[in-house]
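Notes follow once the structure below has been shown.
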There are 2 protein chains.
Amino acid sequence: MSIKFAILVALSEGPKSGYDVAKHFDQSVGFFWHARHSQVYRELGKLRDNGLAVSEEIEQSGKPNRIVFTITDNGREALLKWSREPTEPMEIKDNFLVQLYGIENIDIEGLRANLTLRLESHRDRHSQYAAKHQALENGGTLADLGHQLALEVGMRWEREWEDWCTIALERLSPQAISKLTNVVPIGNKTPGHTA
Amino acid sequence: MSIKFAILVALSEGPKSGYDVAKHFDQSVGFFWHARHSQVYRELGKLRDNGLAVSEEIEQSGKPNRIVFTITDNGREALLKWSREPTEPMEIKDNFLVQLYGIENIDIEGLRANLTLRLESHRDRHSQYAAKHQALENGGTLADLGHQLALEVGMRWEREWEDWCTIALERLSPQAISKLTNVVPIGNKTPGHTA
DNA sequence: ACTCCATATTGCAATAGTGGAATATATATG
DNA sequence: CATATATATTCCACTATTGCAATATGGAGT
């Protein structure tokens with residue numbers, strides 16, 4: 001229901017081709033609702049069909065022509081209307097947490113390896129958000145405020161994951177695991193003191 | 001790719017019918033990878049087709065027969081194998097953040113209303129996770145540790161949203177908005193001091 | 001010279017997930 | 001007595017999203 005609006009938001013910042021959306025998206029609204037290029041092109045077509053955007057073909061030589069989309073008044077109306085309805089909070093959907101939930105049938109060595117990898121990737125993302133955020137620190141417009149607030153959610157999320165990964169690595173260390181009761185960890189090399 | 005594993009994890013705790021999975025799921029693994037009943041039944045069928053679970057029909061009168069699924073050794077193998085591969089960190093996908101990103105074309109009154117609603121819902125979820133977490137506080141098994149850690153991610157997530165909503169409500173208050181430069185907020189009743 | 005990358009769009013098969021209807025009965029609530 | 005809710009499964013249409021291949025060319029790197 002809503003890549004539609006993410007793209008509309010992207011267009012609201014200025015006319016863009018599908019290529020533009022797909023590319024610069026990932027550095028802005030796309031942080032909070034991502035899509036692959038094939039979906040972007042399809043959705044742009046729908047926006048045009050529904051009168052929320054208009055398109056204009058721009059001739060180029062050597063490359064396929066650019067098709068530039070511009071948001072219409074109807075498009076802005078749609079955004080406005082959308083923002084007056086309640087939005088569902090997003091659901092957590094994370095493989096790693098599913099694995100934790102099934103820890104008894106999971107390779108704990110693998111879990112630790114994953115944890116280390118993810119710590120890295122959360123750090124990366126955190127600094128990505130932080131960089132964007134810092135670039136806005138002197139901005140005083142409404143748009144800046146919106147971007148700042150959104151990025152702050154991203155930063156909080158990544159920071160929490162970072163903290164949690166560190167703690168989880170300790171709580172899942174071989175030493176810690178070996179102190180648990182009932183331990184017969186499958187796929188885990190640690191010799192737990194079995195009953 | 002992975003409601004499959006969430007269901008496998010559910011089955012790993014004991015044999016379950018589709019109805020059981022759909023129902024009790026929401027109080028456990030389903031926190032971290034949810035599915036509607038129609039999908040659950042479909043996936044259970046696939047697990048059986050692929051030999052990761054076996055099913056047994058249990059006669060009942062008055063109600064349709066229960067079809068109880070039990071995880072197989074192949075199923076446990078699949079979980080183990082899965083946990084040795086890296087998992088992608090989940091992506092943020094939140095309508096509300098998209099709206100913030102497009103704040104210039106959004107009804108700020110609506111945004112504030114949404115913010116208030118969400119504050120509520122994050123509080124609810126937080127206490128849901130916290131209750132589950134507290135019930136485990138004396139548990140010392142590996143399974144308990146896994147559940148605790150997973151729930152802690154949920155708690156962190158909800159707590160951060162709670163904090164952030166409160167802060168955002170201040171930063172988006174009519175008074176705060178009116179102090180911004182360049183303000184011609186659409187759909188916002190506040191008389192911004194236009195240039 | 002060769003390969004890789006950026007530009008730019010289209011199209012399609014496949015997977016993932018939602019939402020609702022249909023079916024059948026027992027029990028609880030008003 | 002009517003209505004809702006819990007039990008239990010199946011099926012289907014639909015939306016959402018991914019991933020890949022095809023097409024065409026200019027420029028940068030090795």
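Reckoned from all heavy atoms, side chains included, excluding hydrogens, waters and symmetry mates. Protein chains get the first letters and strands the later ones, always in sequence-line order, with residue 1 at the start of each.
A/Trp157 places no side-chain N or O within donor-acceptor distance of the main-chain N or O of A/His122, the cut-off being under 3.5 Å. Checking side-chain atoms of B/Asn50 against main-chain N and O of B/Leu52 turns up no donor-acceptor pair under 3.5 Å.
Defined by atom type and a distance below 3.5 Å, a donor-acceptor pair is missing between the side-chain atoms of A/Asp163 and A/Thr166. No side-chain donor from either of A/Asp107 and B/Ser83 sits under 3.5 Å from a side-chain acceptor of the other.
Taking only distance into account, the side chain of B/Arg42 never meets the base of C/dT15 through a donor-acceptor pair shorter than 3.5 Å.
As a whole-Å value, the separation of A/Phe5 CZ from D/dT17 P is 12 Å. Atom C1' of nucleotide D/dT17 and atom CZ of A/Phe25 are separated by 13 Å, given to the nearest angstrom. Atom CG in B/Asn95 sits about 11 Å away from atom P in D/dA16, given to the nearest Å. Atom CG in B/Asn65 sits about 14 Å away from atom C1' in C/dT23, given to the nearest Å. When the P atom of D/dC14 is taken as reference, atom NZ of A/Lys46 falls 13 Å away, rounded to whole Å. We find that CG of B/Asp26 is positioned 15 Å from C1' of C/dT18, with the value rounded to whole Å. If you take CZ of A/Arg48 and C1' of C/dT10, they are 12 Å apart, rounded to a whole angstrom. Put simply, CG on B/Leu44 is 16 Å from C1' on C/dA16, counting in whole angstrom units.
Considering only side-chain atoms of A/Tyr19, the nucleotide from D/dT18, D/dA6, C/dT9 that sits closest is C/dT9. Minimum atom distance to the side chain of B/Lys93 is reached by D/dT17, of the listed D/dA8, D/dC20, D/dT17. For B/Ser38, the side-chain atoms get nearest to D/dC11 when compared with the rest of C/dC12, C/dT7, D/dC11.
Between A/Arg66 and C/dA8, a side-chain N or O to OP1/OP2 separation shorter than 4.0 Å is present. Not one side-chain nitrogen or oxygen of B/Gln60 sits closer than 4.0 Å to the OP1 or OP2 atom of D/dT7. Look at B/Arg36 and you'll find a side-chain N or O under 4.0 angstrom from OP1 or OP2 of C/dG19. OP1 or OP2 of D/dT9 lies within a sub-4.0 Å distance of a side-chain N or O belonging to B/Tyr41. At the phosphate of C/dT18, OP1 or OP2 sits under 4.0 Å from a side-chain N or O atom of B/Gln39. Of the side-chain N and O atoms in A/Trp33, one or more sit less than 4.0 angstrom from OP1 or OP2 of D/dT17.
B/Phe32 and A/Tyr101 have tilted rings, their planes meeting at an angle from 30° to 60° on a 0 to 90° scale. The aromatic rings of B/Phe31 and B/Tyr129 sit perpendicular, their planes meeting at an angle over 60°, well past the 30° parallel limit.
At most 12 non-hydrogen atoms from other residues, nucleotides or ligands lie less than 6.0 angstrom from CG of A/Asp73.
Nearer to the 5' terminus of DNA chain D, by closest-nucleotide assignment, is the contact made by B/Lys23 (compared with the other of B/Lys23 and A/Glu43). Heavy-atom distances to DNA chain D give each of B/Asp20 and B/Glu91 a nearest nucleotide, and the one nearer the 5′ end belongs to B/Asp20.
The side-chain heavy atoms of B/Arg159 and B/His126, taken from C-beta on, include a pair separated by under 4.5 Å.
Among the protein residues, A/Ser17 comes within range of the sugar-phosphate backbone only, with heavy atoms under 4.0 Å from sugar or phosphate atoms but none that close to a base.
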Expected rows: protein N/O vs nucleotides 22-28 of chain D N/O, under 3.5 Å:
from   : atom 1 : to      : atom 2 : distance (Å)
D/dT25 : O4'    : A/Gly62 : O      : 2.8

